[in-house]
Each structure stands twice: as structure tokens, then as C-alpha cells.
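Letters A, B, ... are given to chains in the order of the sequence lines, protein chains preceding strands, and every chain is numbered from 1.
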There are 2 protein chains.
Amino acid sequence: MPVTLREVAERAGVSIRTVSNVVNDFHQVAPATRARVQRAVDELGYRPNTAARNLRSGRSGLIALVLPELDVPYFAELTRAVIEQAAAAGYTVVVDQTDGDPVRERELVMRGSRAAMFDGMIFNPLALGDGDLRDRPSSTPVVLLGERVVHGGLDHIMIDNVGAAELATRHLIDLGRRRIAAIGDQIDETRQTGRLRTLGYRAALRSASRKVIKELIRPTEFFHRADGAAAMADLLALPEPPDAVFCYNDLLALGALRTILGRGLRVPEDIALVGFDDIEDGRYSTPSLTTISPNKNEIAKNAVQLLLNRLDGDSSVPAEISAEYTLEIRESTLGRPM
Amino acid sequence: MPVTLREVAERAGVSIRTVSNVVNDFHQVAPATRARVQRAVDELGYRPNTAARNLRSGRSGLIALVLPELDVPYFAELTRAVIEQAAAAGYTVVVDQTDGDPVRERELVMRGSRAAMFDGMIFNPLALGDGDLRDRPSSTPVVLLGERVVHGGLDHIMIDNVGAAELATRHLIDLGRRRIAAIGDQIDETRQTGRLRTLGYRAALRSASRKVIKELIRPTEFFHRADGAAAMADLLALPEPPDAVFCYNDLLALGALRTILGRGLRVPEDIALVGFDDIEDGRYSTPSLTTISPNKNEIAKNAVQLLLNRLDGDSSVPAEISAEYTLEIRESTLGRPM
DNA sequence: CTGAAAGCGCTTACAG
DNA sequence: CTGAAAGCGCTTACAG
């Protein structure tokens, strides 16, 4: 049976108020009283009841992190950082996975059916768009991660997908590649990431006066290794295969890499590869992966901080922060140091 | 402002008891009453207060998953499965990361300082041993994952590390390899995984009447790619390098692979590799990784089920379940299909 | 510096 | 089938 404040109070011969003060380090308690209470706490093994505290305080100390998949390395790495940041502020993180399913995304972000359990939410949508988030019934603060799905309604940490994709593609152009393909375009209206990165890819080609060749832009359903492997196989089956590929994330690139090497072709000599996300896998593949590296720790830090501000009652205009990124040039475009 | 049961009751002209019955689908409410109440609920946008429910019911609906690192693929994949299983039973999972630090592990599993927030815990220790878990002050049910750290005290899902390591090593012996190395032994007294897998490695060599060569057993501090890469470099610097390596997890193997290929050597022609965990990375590496594949979904399912049983008051003798595993033979020992 | 008491929002025996 | 009321364990004005 759990020990209550009252039992501690009885044992120490004080009121529960005083025990509460000791436990919470409040209101200078007289040293002698404190010692007596502390002893009772220790002897009884008292631990405060979270539910009661939450009911009184109106806060749960819980924040929800809603993202597509925990076992996608980018999200695993991001989650780790979010948990650490939140813990530093005394918050506990609950992770919910949507699989990028619009129905599940809506359900989770609306929390219509479920109880009001979280003080706030960090949400990385894949499918949800502008309208979907407008009429949330809940007033729980939300920080958005990823594409600009909602224009101005909520705090938002975004990546300049167009700019980053342009940078990646330009790198391939600068290397003298002539037929640069792209893997990861998304036809599905609800998915933004793929379309934005395609915009950047096209922009880079255009500003280098290169033609955009439609058959070199391969859409994929997901951003998994298997999608990259299959798309690359399609590209290799073309009459004129590409000599470079910009993959819209590292998993796609790793899948593509597997296909290329499986055909006995060399990277980057025959085909250069660039990915996106800078996950650890890509640093240890052979060849290692050139990639766009978003600053995940910064993203996590900003996300948690924005949320904490709202929880502290900040009611200023929603923030829109662009996360930093760099191009990490590695062997998949540069070649092996000999 | 959140809407309360009382406000709904007033609007519907009933008592809060009736609203509660409707919301929780209890005690056949008269259809007319139900409709009236439901309308009030909808109009007001009522959502039950979790803290109050928890206080009344004595349960939080939360279970803690305490593991070393979320961004280690094996744990990310396991976590995904645990979250899914728990969700199916109406529970929400909170993930805590220990980094394998004994101090943090003890702190989290004891929950001495923190409030009693969780109904149960699934705990994958790296460092904690037998004695550490004996005198937990809390009576929260715990299911252990991994090595047999506590003898018989708690529900436990283990992997037969010795047997699996033996199987992996025997596979290399059967391939005719003469100098079989091992990466991942652990000198630290508190770490069990490495030592157990070394036992299996030794047993396989012994039963094939092979000598155990000490310098071919490389300890590592962690089980990360960087550790595998460094250990492999050491092995290659030996006067007589190995022609096969059993790595105690896939990350070590992927790190070793990078080192081997970086030297211009071939896998498996020059050096065959076996890993452990069957993470997705290893299926897409070139060559793909032969590995011990524990059934992660089964582990997650059993862990959650055991915990749910305890939460339902099951007080039978602690269970000890050995998780299934298989040897997945892939290119890193078999070679490329031509 | 400390006590007595209200009340957070809910569930649930107890009546009727 | 429904109401009035107790109480889960805590925090916190209100007194003194």
C-alpha cells in the first residue's frame, strides 16, 4: 500500500501541510521540524502521488511527441534529443507513432477521443495539411516540426527543404555530373517533403541551365531503404541511366547504394549519391554518404523551448524557426581518400 | 478552460453520475437520457480529466520502458513494438534512456526520487546486477529484458546468449574459417552481454577442437559502430589477422565492415562477418549481414503481456521466458549470388 | 513557522 | 435507471 502525506504527518506529529512543505522544499520549515518530517518520510518510504499532484496543479508534466516512425533513424535520433531536452526541464515525453497515416495523425493531434493527458505536444506530421489543424478542439499548445503545413497558426520549426535540396543538387552539378536523378518525389497531394525537395532539385538544374528530365525524377511511396533500392533499380533500367542521384533522405540513399553496388557499379565513380538527414548509418556505409545535415539537437532544443514558453503562458505571435543545415561531403560524391 | 463533468451535467439536466455513466459506457443509461447527455458532451467539447481519473482509479495507464539508447536500432525497433503492444491494451509508454550508466539505471528503476507515476515498468539493464534490484522500495511490477541479472526475483525475458553465440561461431567454423575473432567482449564486471557471448564463442571453438586465441577476442566499451571499426583495425594490425569475425551486435559488425572494406579487403572472401540483432541496416549493407535474429515482436509482446498479467493481480511465480532466435545467413558469410 | 480546511474532477458504493 | 455524497492524495489561500 502506498504511503500518504497524512500517514507521514501522523508519524511526525505535524500537519500534512508541513509535510508537503518539506517534501516540496517550500516555506522555510524550522530545521528541527524538517528533520523530524524527513525521518518519517524516509522510514515510511513516502513517495508523492503523481495523480493527486496533477489534479491539484492542473499539469501532468507530460508532453507528447507525435511522429511517423520511431525506428526510422532520423526520428530515433531526434526523439533521443527531445527526451533529453524535456527531461532537463522536468518533463516526461510520450512517443506516439502515426506511420504517416493521415487518419492516425488527425486522431492523435486532435486527441478528441482520448483524455486530456498532455501539457503540450510536439508534432511532426507527414500527411496533415493546413486545414486539418485549424479547428483543434483542444487548447493544448502544439509545436510543429517539418514542412510548413499550417501557415502561421502554430509554433513551427521547419527546414528549408527547397534550399537544402538545391544545395545538394548543385553539389552534384559542380562535380560535373551530367544526368542527375532524384529519388523521393511524392505524388500524394498530402505529402509535402518530396514535392519541396523536388522544387529545390529543379531550381538547381534550372539555374545551371540544365534540362529537367522527367524520367529521372522517381517518386516513392515511403522514404525507406526498400523504396530507394527499388527506385534505383528503375533508374538503372533506363536506356541512359543517371551518373548521380540526389536521394531525399539517407535511407533512400542507402537502399539505392545497395542496388548500385549489387550491379557491380561503383560509387561515386559511376554514380554519385547524396542523401538527406545525416543519420549515423550513412557515416559508416562504404562509401560513406554525402548528405544534408540538419542540426537535430538544435531542432529538439528549439521545439522543447517553444513549448515550454507556451506552457509558461507565452501568448506572443507563433514563432517560425528555420533549422540550420549543412552539406556534409563524404565519399559517395568525393571518392575514397587513397 | 476545460469543461467538467459538472458543467455537462448542468447543461443536460442530470447528475454527474449519469454523465459519468454515459462517458464510460456504464450501467445501461436510458436512451433518451444518453442522447441528451451526449449532446451536451459534444456541444461543450467535454474531455475527461486524466489526473482525476487516475487519482480515483489508482492507475495512470502509463508504463515505463527503461533502456540504454533509443537511437540504437535494436532498441528503436523494440520500442516500436512495445508501444504498439501497449497501445493495444490501452496503455501509454514512456521511454527513459540510461545510456547504460549504472547510476542512471539504478535511479530510474528505483524511482526513489521521482513520484510514483507508472503502473509498471519494462527494464532492459546493461549494468545492473543481481543485488541492485533486490530491495526496490517500490512495488511497481517490473519485467526484465536481456541478461539474467536477477535470479528468479522478477519476470524476465531473456535471450540464450551463450547458445546464440555458439550458433553464430559454429556457422563460421562450418564455413572452414581457421582464425575466427570475436568483437564485443566486455571486461567491465557489470556487463553481462559481452561475457555471455564470449562464453558461447569459446564453447563453439572448443567443441570443434579449436584453440581459443586470446588476442582474437577484442573487448569494446560500447556496442556502437565506432567500437567495431576500431576493434577491427586492431585485428587487422595483428601479424596474423583473422579470416572471420563474430561481432556481438550488428552495429559492431557494420563498423568492422567499414574498416575491412576501407583497407581494400573483401567480405566474405577475405574475412567473413556475423552480427547479432538483425537490424534493418544489416539487410541493406553491401554485403548484407549474416546475423542472429531474435524475434523482437515476440519479445515485446511477451514483455507487455507479462506486465499486464501483474497489473491484473497475477501473483504467480515470476516467469522466465527465452526469446526465440534464428541465424539469418546472408552475404557477409555466404558471398554474393552471381 | 504551522494548523485546519477547501477543493482539484472524477468514480462508485449507497439509496431510492 | 438516476441522484446525493464520500473520498482518492495532494496544494494552498486563510488564520494564527
Side-chain angles (χ1 to χ4, degrees), chain A residues 1-38 40-41 44-62 90 114-119 138-140, chain B residues 1-38 40-41 44-62 90 111 113-119 138-140:
Chain A
M1 264 303 80
V3 180
T4 69
L5 220 44
R6 191 215 305 252
E7 297 173 69
V8 176
E10 274 170 18
R11 181 171 193 113
V14 297
S15 75
I16 61 169
R17 150 89 206 237
T18 300
V19 179
S20 177
N21 283 163
V22 170
V23 170
N24 294 300
D25 238 359
F26 268 178
H27 297 276
Q28 315 317 335
V29 181
T33 314
R34 167 180 298 280
R36 197 146 37 94
V37 170
Q38 190 57 56
V41 165
L44 262 31
Y46 169 75
R47 300 188 314 157
N49 178 306
T50 309
R53 277 190 166 169
N54 292 347
L55 179 55
R56 261 312 305 223
S57 66
R59 288 194 172 192
S60 67
L62 249 35
R114 286 176 67 174
M117 185 177 209
F118 303 104
D119 294 341
S138 153
S139 60
T140 307
Chain B
M1 266 300 82
V3 180
T4 69
L5 220 42
R6 190 216 303 249
E7 297 173 70
V8 177
E10 274 171 18
R11 181 171 194 114
V14 298
S15 76
I16 62 168
R17 150 88 205 238
T18 301
V19 180
S20 178
N21 284 162
V22 170
V23 170
N24 295 302
D25 238 359
F26 268 177
H27 297 277
Q28 315 317 336
V29 181
T33 314
R34 168 179 298 281
R36 198 147 35 95
V37 170
Q38 191 57 57
V41 164
L44 262 32
Y46 169 75
R47 300 188 313 159
N49 178 306
T50 309
R53 276 190 167 169
N54 292 348
L55 179 56
R56 260 315 302 227
S57 65
R59 288 194 173 193
S60 67
L62 250 34
R111 299 273 177 197
S113 52
R114 287 176 66 175
M117 185 177 208
F118 302 105
D119 295 341
S138 154
S139 60
T140 309

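- If you find the closest nucleotide of DNA chain D to B/Gly13 and to A/Ala52, the one lying nearer the 5' end belongs to B/Gly13.
- When both pairing distances are held under 3.5 Å, D/dA4 makes no Watson-Crick or G-U pair with any nucleotide shown.
- As a whole-Å value, the separation of A/Asn21 CG from C/dA4 P is 14 Å.
- Each of A/Thr33 and A/Ile16 was assigned the nucleotide of DNA chain C with the nearest heavy atom; the assignment lying further toward the 5' end belongs to A/Thr33.
- B/Leu62 and A/Met117 make their closest contact through CD1-CE, 3.4 Å (heavy atoms, listed as atom of the first residue, atom of the second, distance).
- For A/Arg53 and D/dT11, the shortest distance from a side-chain N or O to OP1 or OP2 is below 4.0 Å.
- With rounding to whole Å, B/Arg56 atom CZ is found 4 Å from C/dT11 atom C1'.
- Under the side-chain contact (heavy atoms from CB on, under 4.5 Å) test applied with B/Val19, the options B/Thr4, B/Thr33, B/Asn24, B/Val14 reduce to a single match, B/Val14.
- Between the CG atom of B/Asn54 and the C1' atom of C/dG9 there is a distance of 11 Å, given to the nearest Å.
- Rounded to a whole Å, the CZ atom of A/Arg59 is 17 Å from the C1' atom of D/dC10.
- In this model, the phosphate group of D/dT12 is not approached by any side-chain N or O of A/Ser20 to a distance below 4.0 Å at OP1 or OP2.
- Of the side-chain N and O atoms in A/Asn24, one or more sit less than 4.0 angstrom from OP1 or OP2 of D/dT11.
- For B/Leu55, the listed nucleotide lying nearest its side chain is C/dG9; candidates were C/dC10, C/dG3, C/dG9.
- Closest approach to the B/Leu5 side chain among C/dT11, C/dA13, C/dG9 is made by C/dT11 (side chain taken as heavy atoms from C-beta onward).
- Between A/Glu10 atom CD and C/dA4 atom P the separation is 12 Å, expressed in whole Å.
- The shortest non-hydrogen separation linking A/Phe118 to A/Thr140 is O-CG2, 3.6 Å.
- The side chain of A/Thr18 contributes an N or O atom lying less than 4.0 Å from OP1 or OP2 of C/dG3.
- Taking atom CG on A/Asn49 and atom C1' on D/dG7, their separation rounds to 13 Å, with Å as the unit.
- The heavy-atom pair separating B/Ile16 from B/Arg6 by the smallest distance is CG2-CA, 3.5 Å.
- Atom CG of B/Leu55 is separated from atom OG1 of B/Thr50 by 12.5 Å, given to the nearest 0.5 angstrom.
- Atom CZ in B/Arg47 sits about 16 Å away from atom C1' in C/dC10, given to the nearest Å.
- Here D/dG3 is the nucleotide among D/dG3, C/dG9, D/dG9 with the atom lying nearest to any side-chain atom of B/Ser15.
- C/dA13: no Watson-Crick or G-U partner with both key distances under 3.5 Å is found in any strand.
- In this structure, CZ of A/Arg17 is placed 12 Å from P of D/dC14, rounded to the nearest angstrom.
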